[in-house]
Amino acid sequence: MVKSGTIEACKNFDVEGDACRIRVILKDGQEKDIPVEHAMADILVDRSNKQRQEINKKYKSLFKESITDGLRKVVNKGCYYDTTTALILPPHQYDAVCIRTAIEEGDDKVITEILCTRTIAELKKLMEFYESEYESNIRIDIDLFLPDEHKNIYISMLESPRNSKTNVDDKISHRIVEDLKKIEKNNYKDIAEIAALLTEHNFSQLTAAFKDFQKRPSGNMELLEASIRRLCRCDPANTILITWVKSIKNVTQLFSELLYSSVTALAADSARIIRIVVGRSEIDLTQIKSHYMMQYNKQLQLAVQQKCGNDHAYSYIISLVIKN
């Protein structure tokens, strides 16, 4: 399947014209009676991330401040501002900011989402920027800030070959299945063992093994993630492992599920909605929307608007990214 985002590069791109136009909007607080939030959204969402970075660089050279610095003076900090920040920053830099805060605060939900769903190339860029920006290392910070019982899962994930190779060996698949059956029989009590097994091989190899595991005689076609959920009593290790398995099998469907949980929670998880919608807007957001409709019989845009509609500026810009 060819994946596609909802945002593409603007064909008639004028970096200096855009920078000057944004300056006028931020100084006047509007553009032709259009509120500053809507006018800014119309520009940013109609440009690719690479083009936004060029605009921001030109804006800094002309006006001695970043676009986000200028925006902070005229709009309140909140979901709208966070969305514009996510749109303007390079994806790996935004990921680094998010994961740094999450590690310091012990937010497993954010750490799990980012580490489970990034490709090896994306993770490499994230880790390099993290090290240069914070003069530290993600592995070291995870070891420093997080509890012993599950931090080793994250460290194993960082070392996984992920999608760097696609070779599948039937003998290796058989060995993985046999090891999984033994671990399942022990109710997944040895978290280090299951984590090592699930991060040692490339995703293609693991996907093949997962299909064979589902056919085990005593399994009644039960999926691996369902088995972990049923038997593993170690939280949050079980949630981390389930997310990892789902990401290996179908990351697009996983994002759809994460968005659903974000918009159906008592209080919307707007930070996660922003991370996924903006982060996937040039990768596979079109497919995520299709999965969402198939799984939940509702348009993603409508679901977000209904949950976040009271924040009009945020609802406008995030809906624009989704439907663009």
Side-chain angles (χ1 to χ4, degrees), residues 91 95 98-99 101-103 105-120 122-123 126-127 138-139 142 146-147 149-163 176 180 183-184 187-207 209-211 213-214 222-265 269 271-277 279-280 283-285 287-288 291-292 295-296:
D95 277 350
C98 292
I99 203 166
T101 303
I103 290 172
E105 296 177 354
D107 190 340
D108 284 296
K109 186 166 64 173
V110 176
I111 301 169
T112 299
E113 176 200 317
I114 292 175
L115 293 189
C116 284
T117 60
R118 300 314 186 249
T119 65
I120 200 161
E122 291 166 344
L123 197 60
L126 187 167
M127 293 173 70
I138 290 181
R139 288 186 182 88
I142 285 174
L146 299 182
E149 59 263 25
H150 62 276
K151 66 184 177 185
N152 289 329
I153 305 177
Y154 293 137
I155 293 172
S156 295
M157 285 179 181
L158 290 170
E159 297 168 353
S160 165
R162 298 179 182 245
N163 58 336
I176 293 171
L180 283 173
I183 295 169
E184 180 188 43
N187 293 336
Y188 303 98
K189 289 178 181 177
D190 192 336
I191 298 299
E193 185 181 16
I194 180 69
L197 181 62
L198 295 179
T199 56
E200 180 183 354
H201 308 280
N202 70 67
F203 284 2
S204 297
Q205 182 72 71
L206 287 167
T207 300
F210 293 165
K211 290 178 181 177
F213 177 79
Q214 190 179 351
E222 182 182 40
L223 300 171
L224 174 58
E225 57 269 37
S227 174
I228 294 172
R229 182 182 293 108
R230 178 171 56 86
L231 296 173
C232 183
R233 299 290 180 242
C234 182
D235 191 57
N238 52 1
T239 302
I240 299 168
L241 292 171
I242 289 167
T243 306
W244 178 248
V245 170
K246 287 185 174 184
S247 178
I248 292 169
K249 295 169 75 171
N250 191 330
V251 71
T252 303
Q253 184 170 327
L254 171 62
F255 279 126
S256 174
E257 293 175 8
L258 294 176
L259 284 168
Y260 180 76
S261 66
S262 298
V263 298
T264 56
D269 188 345
R272 168 168 277 177
I273 294 169
I274 293 167
R275 274 195 312 276
I276 296 176
V277 168
R280 310 305 293 190
I283 302 173
D284 59 356
L285 187 53
Q287 284 69 44
I288 292 170
H291 268 289
Y292 196 95
Q295 285 177 285
Y296 308 113

Donor-acceptor pair, distance only, cut-off 3.5 Å: does the side chain of [X] make one with the backbone of [Y]?
X    : Y    : result
S156 : N152 : yes
R233 : N238 : no
R272 : K109 : yes
Q205 : N202 : no

Step-by-step side chain to side chain contact (heavy atoms under 4.5 Å, CB included) determination, M157 to L123: CA-CA 10 Å; M157 285 179 181; L123 197 60; over 6 Å; no

In Å and rounded to the nearest 0.5 Å, what is the [atom1] to [atom2] distance from [X] to [Y]?
X    : Y    : atom1 : atom2 : answer
K151 : R139 : NZ    : CZ    : 14.5 Å
R118 : S247 : CZ    : OG    : 9.5 Å
E222 : L231 : CD    : CG    : 7.0 Å
L223 : R229 : CG    : CZ    : 9.5 Å
D108 : I153 : CG    : CD1   : 9.0 Å
T119 : N163 : OG1   : CG    : 5.5 Å

Test side chain to side chain contact (heavy atoms under 4.5 Å, CB included) applied to T101 and D107, step by step: CA-CA 8 Å; T101 303; D107 190 340; over 6 Å; no

Residue pair I191, C232: steps toward the side chain to side chain contact (heavy atoms under 4.5 Å, CB included) verdict: CA-CA 9 Å; I191 298 299; C232 183; 3.9 Å; yes

Decide yes or no for [X] and [Y]: does some side-chain heavy atom of the first lie under 4.5 Å from some side-chain heavy atom of the second?
X    : Y    : result
R280 : Q287 : no
E122 : R162 : no
L158 : I142 : yes
V245 : L206 : no
I99  : L126 : yes
W244 : I240 : no
L285 : I288 : yes
Y154 : T112 : yes

Worked check of side chain to side chain contact (heavy atoms under 4.5 Å, CB included) between E184 and R230: CA-CA 10 Å; E184 180 188 43; R230 178 171 56 86; 4.1 Å; yes

Please name the pair of heavy atoms, one in [X] and one in [Y], separated by the smallest distance, quoted to 0.1 Å.
X    : Y    : value
I183 : L197 : CD1-CD2, 3.9 Å
L241 : A195 : CD2-CA, 4.3 Å
Y188 : L224 : OH-CD1, 3.6 Å
S261 : L258 : OG-O, 2.8 Å

Any side-chain donor near an acceptor of the partner, Y296 and S256, under 3.5 Å: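 There is no such pair (donor and acceptor under 3.5 Å, judged by atom type) between the side chains of Y296 and S256.
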
